[in-house]
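Just below is one structure, and these are the notes that go with it.
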Amino acid sequence: GELITPTVSASNLGLMSETGQWTLLVPAPKVCDEACEELFYLAKQVNTALGKGSDRVHRVLVDLGAAGDMVANLTAEYPSLETVQVDAAVFANVLPRKDVIYLMDPLGNIFMFYEIEKAGKPMLKDIKHLLKISKMG
């Protein structure tokens with residue numbers, strides 16, 4: 001993944017800053033195309049592939065004004081996906097990319113993102129390493 005420097009506090013987006021878990025934040029813009037849907041799929045696959053560590057990571061759909069039926073469809077397809085609404089303008093000021101998966105630590109620091117090409121095995125490898133060296137989450 002790509003490091004975000006300086007890190008961004010989740011409270012800057014109006015999100016709960018301390019979740020107690022590692023979090024994959026997947027933005028859902030107004031229109032979620034195939035690439036956008038692929039990010040949700042990859043987040044789920046990585047979470048499942050963590051095995052016994054999967055309970056230390058949760059996934060969040062960041063609703064940036066997506067069409068209501070799209071959010072309903074995604075939450076139906078991925079039942080453990082939490083949904084939070086964030087103002088699209090605020091999101092764009094804090095985290096300008098909507099086509100990536102963001103990684104947030106248990107203290108609420110958004111510190112890394114993954115483009116679709118690295119959202120599979122490379123992201124899994126990074127998260128496994130983080131879970132191994134960290135007692136948080």
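Everything numeric in this text was worked out from a predicted model, so none of it was measured. Counting from 1, the numbers follow the sequence of the chain as shown.
- Note that the OH atom of Tyr102 and the CE atom of Met112 stand 13.0 Å from one another [nearest 0.5 Å].
- A distance of 10.0 Å separates CG in Leu13 from CG in Asn93, rounded to the nearest 0.5 Å.
- Side-chain contact between Leu15 and Val86 is present, with heavy atoms from C-beta onward closer than 4.5 Å.
- Atoms CE and CG, from Met123 and Asn47 in turn, are 9.0 Å apart once rounded to the nearest 0.5 Å.
- Remark: the backbone N or O of Leu50 is not paired with any side-chain donor or acceptor of Ser54 at under 3.5 angstrom.
- Evaluation of the salt bridge (charged side-chain N to carboxylate O under 4.0 Å, His left out) test over residues 76-88, restricted to residues two or more places apart or in two chains, returns none.
- Looking at heavy atoms from C-beta onward, Asn109 lies out of side-chain contact with Val8 at the 4.5 angstrom threshold.
- Rounded to the nearest 0.5 angstrom, Leu103 CG and Leu130 CG are separated by 6.5 Å.
- Sorted by first and then second residue, the side-chain hydrogen bond (donor to acceptor under 3.5 Å, both in side chains) pairs with a member in residues 114-124 read Arg97-Glu115, Tyr114-Asp126; sequence neighbours excluded.
- Residue Arg56 holds its CZ atom at 9.5 Å from CD of Gln21, rounded to the nearest 0.5 Å.
- Here the closest non-hydrogen pair linking Ala66 and Pro29 is CB-O, 3.3 Å.
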Practice task
Determine, step by step, whether Leu61 and Leu74 satisfy the side chain to side chain contact (heavy atoms under 4.5 Å, CB included) criterion, reporting the C-alpha distance in whole Å, the side-chain angles of both residues, the deciding distance to 0.1 Å, and the verdict.
Solution key: CA-CA 9 Å; Leu61 181 155; Leu74 286 168; 3.7 Å; yes

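- Summarising the geometry of Leu124 relative to Ala49, their closest heavy-atom pair is CD2-CB, 3.7 Å, with the distance given to 0.1 Å.
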Exercise for the section: Could you walk me through whether Asp33 and Glu37 pass side chain to side chain contact (heavy atoms under 4.5 Å, CB included), step by step? Expected result: CA-CA 6 Å; Asp33 58 12; Glu37 289 181 20; over 6 Å; no

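- Just one residue in the list Val26, Leu25, Leu81, Ile101 forms a side chain to side chain contact (heavy atoms under 4.5 Å, CB included) with Arg59, and that residue is Leu81.
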Exercise for the section: Go through Ile4 and Leu95 one step at a time and tell me if the side chain to side chain contact (heavy atoms under 4.5 Å, CB included) criterion holds. Expected result: CA-CA 9 Å; Ile4 299 171; Leu95 295 168; 4.1 Å; yes

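- The nearest pair of heavy atoms linking Leu24 to Ala43 is CD1-O, 4.0 Å.
- Here the closest heavy-atom approach between residue Cys32 and residue Phe40 is recorded as SG-CE1, 4.2 Å.
- When hydrophobic clusters are built by joining Ile, Leu, Val, Met, Phe, Trp and Tyr residues whose side-chain heavy atoms come closer than 4.5 Å, directly or via intermediates, Leu131 is grouped together with Leu3.
- With sequence neighbours excluded, the residues forming a side chain to side chain contact (heavy atoms under 4.5 Å, CB included) with Tyr41 are Glu38, Gln45, Tyr78, listed by chain and number.
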Practice task
Using the side chain to side chain contact (heavy atoms under 4.5 Å, CB included) rule, take Val57 and Val46 through it: C-alpha gap first, then chi angles, then the decisive distance, then the call.
Solution key: CA-CA 10 Å; Val57 179; Val46 165; over 6 Å; no

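- With contacts defined as side-chain heavy-atom distances shorter than 4.5 Å, the pair Pro6/Phe111 does not qualify.
- Here the closest non-hydrogen pair linking Ala119 and Leu39 is CB-CD2, 4.4 Å.
- With a 4.5 Å cut-off on side-chain heavy atoms, Met70 and Val31 do not count as touching.
- Residues Thr7 and Ile110 are not in side-chain contact: their nearest non-hydrogen atoms beyond the backbone lie 4.5 Å or more apart.
- Using a 4.5 Å heavy-atom threshold, the side chains of Phe91 and Lys98 count as touching.
- Nearest heavy-atom pair across Val84 and Val60 is CG2-CG1, 3.6 Å.
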